2 protein chains.
Amino acid sequence: MTSETHPIPVDATAPVGFHKHDHDTCVQTALGAAEAQCKQDGLRLTPVRRKVLEMLLQEHRALGAYAILDRLRDAGFGSQPPVAYRALDFLVQNGFVHKIERLNAFVACSHPGAEHSPAFMICRKCDAVAEAKSAPAKGILGAAARAVGFEIERTVVEAEGICPDCTEKA
Amino acid sequence: MTSETHPIPVDATAPVGFHKHDHDTCVQTALGAAEAQCKQDGLRLTPVRRKVLEMLLQEHRALGAYAILDRLRDAGFGSQPPVAYRALDFLVQNGFVHKIERLNAFVACSHPGAEHSPAFMICRKCDAVAEAKSAPAKGILGAAARAVGFEIERTVVEAEGICPDCTEKA
DNA sequence: CTTGTCATGTTATTCCATATCATGTATGCC
DNA sequence: GGCATACATGATATGGAATAACATGACAAG
Ligand SMILES: [Zn+2]
Ligand SMILES: [Zn+2]
Ligand SMILES: [Zn+2]
Ligand SMILES: [Zn+2]
């Protein structure tokens with residue numbers, strides 16, 4: 001959107017999404033990182049996949065599959081659900097995008113590259129989404145799982161509430 | 001599109017927490033507790049609502065809204081989605097039932113009465129669901145939220161993995 | 001009896017997700 | 001080059017989740 005030159009130092013451990021930042025840089029950096037990682041890992045970041053990732057980075061919030069599909073159609077790609085879902089599957093599978101279960105929607109990863117189990121903060125007023133790191137298996141849940149012999153493979157951690165912006169406005 | 005019968009892929013397999021227990025007692029106790037609490041709080045546990053809660057307690061696993069709807073129809077209640085969703089809204093709102101976001105399904109609460117933010121362990125093999133308590137705002141996520149000024153109102157904590165039963169079988 | 005409120009029922013539509021088949025395209029082997 | 005294979009894409013169709021919009025029934029105050 002705005003191409004202001006106020007480079008926000010991207011602290012890789014800080015949650016992203018609730019504060020202003022240089023968005024163009026943010027998008028370009030992430031796209032570049034994705035391309036590099038794909039090249040390195042022998043993954044194919046094809047046009048559709050790249051476009052979907054770019055859209056999600058651009059929006060910087062969670063988009064439903066059909067919103068993504070609309071944008072794909074506008075960009076001249078296929079217009080049927082599987083086109084979007086396949087691209088999303090690839091991106092989620094390889095850690096470039098996360099699914100927000102609470103919203104049935106998808107958001108670009110804010111900490112690309114590193115292995116991590118993300119946690120999200122979702123504003124119920126403005127639908128902003130911020131990603132933080134989590135260590136779910138370390139806490140009470142991990143203890144409970146060990147106690148009953150449940151083997152955790154993946155966790156969904158999503159907090160719903162009010163973002164700082166919406167709090168100010170009230 | 002006419003009023004044909006709906007195919008119901010009902011899988012009536014074993015109910016599950018992750019350990020055996022006296023199920024009839026379990027159901028009766030929970031139903032009784034719900035009735036008591038509703039009476040105390042001036043809530044109306046109407047026939048549909050009671051039936052839905054009873055079904056979920058009986059199954060002791062997560063059921064999708066349309067599976068619930070099928071059972072409601074069989075029991076002589078309304079057969080359209082809003083009937084099920086309204087009853088589920090009431091039960092979730094008042095803490096008798098939880099929604100499993102990962103499955104888009106609903107499960108009866110295992111710790112009725114007490115205020116709690118539940119965490120769930122979901123087996124990806126057999127769809128068993130166990131409820132544990134969580135303290136999400138106490139850990140890393142809580143710290144991240146305070147750091148950015150996000151006000152947490154509710155949390156979704158769901159772990160996906162393999163339950164002890166399925167681990168044994170392998 | 002009238003009014004207001006809540007629960008229920010019905011119709012219809014929108015959104016999320018996947019199964020299936022057909023077509024295209026890169027890549028590696030002959 | 002010609003061909004086999006895997007994989008990516010495209011299009012059709014369908015199923016499942018969720019809600020909008022509207023109508024009816026029960027019931028308690030006034
Ligand atoms: Zn991430
Ligand atoms: Zn907000
Ligand atoms: Zn509970
Ligand atoms: Zn299992």
Side-chain angles (χ1 to χ4, degrees), chain A residues 38-39 41-53 56 62-94 96-107 124 127 156 158 160, chain B residues 1-11 38 41-53 56 62-94 96-107 124 127 156:
Chain A
C38 283
K39 190 160 193 175
D41 296 359
L43 301 172
R44 303 171 57 180
L45 191 60
T46 62
V48 225
R49 294 168 177 176
R50 191 181 197 283
K51 185 65 184 174
V52 171
L53 178 56
L56 288 173
L63 285 183
Y66 281 58
I68 290 169
L69 196 54
D70 287 340
R71 288 164 171 76
L72 279 181
R73 183 186 307 109
D74 293 348
F77 292 92
S79 57
Q80 311 311 318
V83 176
Y85 278 102
R86 281 191 290 241
L88 288 168
D89 281 348
F90 171 87
L91 294 169
V92 168
Q93 199 69 31
N94 296 106
F96 302 117
V97 164
H98 300 297
K99 179 175 184 184
I100 310 293
E101 298 289 344
R102 185 72 213 285
L103 302 176
N104 291 321
F106 301 84
V107 68
R124 67 168 164 80
D127 280 332
V156 174
E158 297 170 0
E160 187 181 1
Chain B
M1 301 301 266
T2 58
S3 47
E4 297 282 320
T5 62
H6 296 49
I8 310 168
V10 168
D11 148 23
C38 283
D41 297 359
L43 302 172
R44 302 171 58 179
L45 191 61
T46 63
V48 223
R49 294 168 178 177
R50 193 180 196 283
K51 185 65 184 174
V52 171
L53 178 56
L56 287 173
L63 285 183
Y66 282 61
I68 290 169
L69 196 53
D70 288 337
R71 287 165 172 75
L72 279 181
R73 182 190 309 105
D74 293 347
F77 291 92
S79 57
Q80 308 309 316
V83 176
Y85 278 104
R86 282 192 288 242
L88 288 167
D89 281 349
F90 171 87
L91 293 170
V92 168
Q93 199 68 32
N94 297 107
F96 302 117
V97 164
H98 300 297
K99 179 174 184 184
I100 311 293
E101 299 289 346
R102 187 72 215 286
L103 303 177
N104 289 322
F106 301 83
V107 67
R124 69 169 161 81
D127 279 333
V156 174

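A note on names: the letters A, B, ... follow the listed sequences, proteins ahead of strands, and every chain is numbered from 1. Predicted model only: the values in this text are computed from it and were never measured.
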B/Tyr85 side chain near D/dA18 phosphate (N/O to OP1/OP2, under 4.0 Å): yes
- line: Assign each of A/Phe106 and B/Phe90 the nucleotide of DNA chain C bearing its closest heavy atom; nearer the 5' end lies the nucleotide of B/Phe90
- request: Quickly work out the A/Leu69 CG to C/dT14 C1' distance and round it to whole Å.
  value: 14 Å
query: Whole Å only: how far is the CG atom of A/Leu88 from the P atom of C/dA17?
result: 9 Å
query: Does A/Thr46 have a side-chain nitrogen or oxygen under 4.0 Å from the phosphate oxygens OP1 or OP2 of D/dT9?
result: yes
field: Which nucleotide in D/dT12, C/dC6, C/dG9 has an atom nearest any side-chain atom of B/Phe77
entry: C/dG9
task: Let me know the distance between CG of B/Asp70 and C1' of D/dG15, rounded to the nearest Å.
output: 13 Å
field: Inter-residue atom distance B/Leu88.CG - B/Ile68.CD1, 0.5 Å rounding
entry: 4.5 Å
query: Please give, in whole Å, the distance from C/dA7 C1' to B/Lys51 NZ?
result: 19 Å
Nucleotide D/dA17, atom P - distance to CD of B/Gln80 in whole Å: 15 Å
- request: Write down the distance between CZ (A/Arg73) and C1' (D/dG10), rounded to a whole number of angstrom.
  value: 13 Å
query: Between A/Tyr66 and C/dC16, do the rings stack, that is, sit under 5.5 Å apart with planes less than 30° off each other?
result: yes
From D/dT9, C/dC6, D/dA17, nucleotide with atom closest to A/Arg86 side chain: D/dT9
- prompt: 5'-most contact on DNA chain D: A/Gly76 or B/Asp89, nearest heavy atom basis?
  reply: A/Gly76
message: Quick check against the 3.5 Å criterion: does A/Glu160 have a side-chain atom that pairs as donor or acceptor with the backbone of A/Arg124?
response: no
task: Starting at atom CZ of A/Arg102, determine the distance to atom C1' of C/dC16, rounded to an integer number of angstrom.
output: 16 Å
query: Taking the side chain of B/Pro82 as heavy atoms from C-beta outward, which of D/dA8, C/dT11, C/dA17 is closest to it?
result: C/dT11
message: Using side-chain heavy atoms (C-beta onward) and a distance below 4.5 Å, is B/Arg86 in contact with B/Val48?
response: no
- prompt: Between A/Arg49 and D/dA8, does any side-chain N or O lie under 4.0 Å from OP1 or OP2?
  reply: yes
- prompt: Between B/Ala75 and B/Lys51, what is the shortest heavy-atom contact and its length?
  reply: CB-CE, 3.8 Å
field: B/Asn104 side-chain N/O to D/dA18 phosphate OP1/OP2 under 4.0 Å
entry: yes
message: Please confirm whether the shortest side-chain N or O distance from B/Lys99 to OP1 or OP2 of D/dA18 is below 4.0 Å.
response: yes
Flag, side chain of B/Arg73 to backbone of B/Leu69, donor-acceptor distance under 3.5 Å: no
query: Quick one: A/Arg44 CZ to D/dA8 C1', roughly how many Å, whole number?
result: 6 Å
